[in-house]
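Here is the structure we will look at.
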Amino acid sequence: MSIDVTVQVLKENVGKIIMIKLKGDKVVKGVLNKFDQHMNLVLSDATEYKAGEQTRLGNILLKGDNIIIISPQD
Amino acid sequence: MSIDVTVQVLKENVGKIIMIKLKGDKVVKGVLNKFDQHMNLVLSDATEYKAGEQTRLGNILLKGDNIIIISPQD
Amino acid sequence: MSIDVTVQVLKENVGKIIMIKLKGDKVVKGVLNKFDQHMNLVLSDATEYKAGEQTRLGNILLKGDNIIIISPQD
Amino acid sequence: MSIDVTVQVLKENVGKIIMIKLKGDKVVKGVLNKFDQHMNLVLSDATEYKAGEQTRLGNILLKGDNIIIISPQD
Amino acid sequence: MSIDVTVQVLKENVGKIIMIKLKGDKVVKGVLNKFDQHMNLVLSDATEYKAGEQTRLGNILLKGDNIIIISPQD
Amino acid sequence: MSIDVTVQVLKENVGKIIMIKLKGDKVVKGVLNKFDQHMNLVLSDATEYKAGEQTRLGNILLKGDNIIIISPQD
Amino acid sequence: MSIDVTVQVLKENVGKIIMIKLKGDKVVKGVLNKFDQHMNLVLSDATEYKAGEQTRLGNILLKGDNIIIISPQD
């Protein structure tokens with residue numbers, strides 16, 4: 001068992017594109033810039049996908065407590 | 001890894017327009033005046049957008065626990 | 001960054017009319033009489049607005065954990 | 001700012017009829033007999049109102065975490 | 001103000017039939033055998049009522065965090 | 001009042017078939033193998049029932065925070 | 001009673017395929033690589049199943065607080 005599974009995965013993906021699945025069937029993709037231990041994420045070049053529509057969001061701060069799945073996109 | 005990702009982002013945006021996506025498909029835009037470590041925000045010139053309608057709210061206090069995404073609008 | 005953003009805003013509005021947006025698309029307006037650090041509010045002359053209907057409630061105690069937005073009405 | 005806003009309001013209403021608005025659009029009215037610091041309430045002569053129907057409940061224990069608004073009925 | 005309102009009410013009803021209203025419009029009736037400070041209840045002869053249907057459950061353990069209202073049935 | 005009502009009930013049912021009602025109208029039946037103080041359960045021979053359909057799951061770990069009711073099936 | 005039921009089950013399944021049922025009727029299958037005490041999981045070769053559709057996700061980090069059931073698939 002390893003303690004900081006989320007920190008470890010996020011650390012490896014700084015500067016890379018990640019996909020985030022949020023509660024309420026929202027999906028966000030963007031470049032991971034920063035994060036903290038609550039899984040709060042700072043993304044650049046972010047786009048939101050919901051019900052077939054996509055919205056460019058640019059730079060965003062995404063609160064960790066709405067996240068279901070994070071998936072690196074390489 | 002940086003600890004205070006949310007504080008850092010909010011600090012940089014005091015006096016600037018930010019867009020906030022809330023649970024329940026609400027969006028609020030306004031000028032960020034103050035904030036605290038729970039992401040409670042004080043905004044001026046705030047407008048709410050929901051289901052194609054917009055409502056001017058003026059000065060508001062927005063509770064941090066309903067926030068999904070914060071996006072600076074420059 | 002200021003610590004007690006919510007206390008500060010509420011303090012300035014004692015004796016004044018505020019609008020409160022609650023989870024579940026409820027809106028309440030009333031005169032703020034008292035509050036505590038959990039954003040529990042005591043209002044007088046309160047009216048509830050929901051789905052086009054309004055109900056006079058008079059004096060109420062409103063629990064802070066249902067609040068999304070507070071907006072002073074001056 | 002006063003600390004125990006909820007305790008104060010409940011104390012003043014022991015022995016009196018209060019109306020409680022609960023999550024899920026339930027309304028309960030009854031005589032407040034006892035309460036604790038979690039807003040758990042003991043009511044007598046309680047009636048529940050939901051979607052136009054009313055049900056007599058008699059003596060009840062109502063858990064505080066479902067409460068949105070408490071309104072004294074005098 | 002009394003501290004342990006819920007414990008007090010439950011204590012008085014051990015061995016008696018109580019009705020429990022749960023989140024999600026479920027109702028359960030049964031004989032209260034045991035309980036703890038989280039309002040976890042052990043009931044015997046329990047029946048569940050939902051949307052006009054009733055299901056005999058017999059002995060059950062009911063988790064306290066889903067409870068809205070407890071009403072003694074005497 | 002007894003403190004560990006949930007532990008006590010679960011202890012008595014190790015090796016026996018229990019029915020678990022979960023949030024979201026899911027029902028799971030299976031043989032209780034292990035449990036912890038958060039009501040996390042390890043079941044063998046588990047089957048899930050939802051909306052008239054049943055799915056064999058075999059061995060499962062069921063998280064305690066989704067549980068509403070546990071009922072021994074003897 | 002055993003304390004770390006979830007850790008124990010997850011430990012036994014590192015390197016194996018597990019099925020995870022999430023809130024909101026999502027199902028994810030994948031190979032368990034790592035986990036922590038909050039049931040945060042790192043999976044490889046993950047696929048999501050929802051409403052008859054399946055989406056390949058590859059490597060993912062899955063947050064523990066959305067999990068209902070984990071079932072080893074051997």
Side-chain angles (χ1 to χ4, degrees), chain F residues 2-70 72, chain G residues 1-55 60-74:
Chain F
S2 69
I3 300 296
D4 275 336
V5 149
T6 66
V7 167
Q8 200 178 322
V9 170
L10 291 171
K11 218 173 203 167
E12 290 166 12
N13 283 284
V14 170
K16 298 182 184 160
I17 298 173
I18 58 172
M19 183 199 68
I20 303 109
K21 296 202 166 227
L22 299 166
K23 290 175 192 170
D25 289 314
K26 270 192 179 64
V27 172
V28 172
K29 283 188 199 175
V31 178
L32 179 61
N33 291 339
K34 287 178 206 164
F35 65 93
D36 61 26
Q37 75 280 24
H38 307 296
M39 260 201 232
N40 295 319
L41 310 178
V42 178
L43 303 171
S44 55
D45 254 327
T47 304
E48 186 188 335
Y49 302 81
K50 191 172 172 170
E53 285 178 40
Q54 71 185 73
T55 322
R56 278 196 48 77
L57 298 174
N59 297 313
I60 63 168
L61 170 61
L62 195 153
K63 267 188 78 177
D65 52 5
N66 301 293
I67 295 174
I68 301 175
I69 290 173
I70 294 179
Chain G
M1 183 190 57
S2 69
I3 299 297
D4 275 335
V5 150
T6 67
V7 167
Q8 200 177 322
V9 170
L10 291 171
K11 218 172 202 168
E12 290 165 13
N13 283 284
V14 170
K16 299 182 184 161
I17 298 173
I18 59 172
M19 183 199 67
I20 303 111
K21 296 202 165 227
L22 299 166
K23 289 175 193 171
D25 288 313
K26 270 193 178 62
V27 172
V28 171
K29 282 189 199 175
V31 177
L32 179 62
N33 291 338
K34 288 179 206 164
F35 65 93
D36 62 25
Q37 76 279 23
H38 307 295
M39 260 201 232
N40 295 318
L41 310 178
V42 178
L43 303 171
S44 55
D45 255 327
T47 304
E48 185 189 334
Y49 302 81
K50 190 171 173 173
E53 285 179 40
Q54 71 185 72
T55 321
I60 63 168
L61 169 61
L62 195 153
K63 268 187 78 177
D65 52 5
N66 301 293
I67 295 174
I68 302 175
I69 289 173
I70 295 179
S71 174
Q73 307 284 301
D74 26 39

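Every chain is numbered from 1, with letters handed out A, B, ... down the list of sequences.
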Against chain G, label F:V28 side chain, backbone, both or neither, depending on which of its atoms sit under 4.5 Å from a heavy atom there. side chain
Report yes if some heavy atom in the side chain of G:M39 is under 4.5 Å from a heavy atom in the side chain of F:L61; otherwise report no. yes
Side-chain donor or acceptor of F:K63 paired with backbone N/O of G:T6 under 3.5 Å: no
Apply side-chain hydrogen bond (donor to acceptor under 3.5 Å, both in side chains) to G:T47 and list each qualifying residue two or more places apart in sequence or on a separate chain. none
Heavy-atom pair count under 4.5 Å with chain F, highest-scoring of G:K21, G:M19, G:Q73: G:K21
Cut-off 4.5 Å, heavy atoms of chain G, and the answer for F:L22 is side chain
Proximity breakdown for F:K50 and chain G, heavy-atom pairs closer than 4.5 Å: side chain
side-chain contact (heavy atoms from CB on, under 4.5 Å) partner of G:I69, the single match among F:L41, F:N66, F:L43, F:I60: F:I60
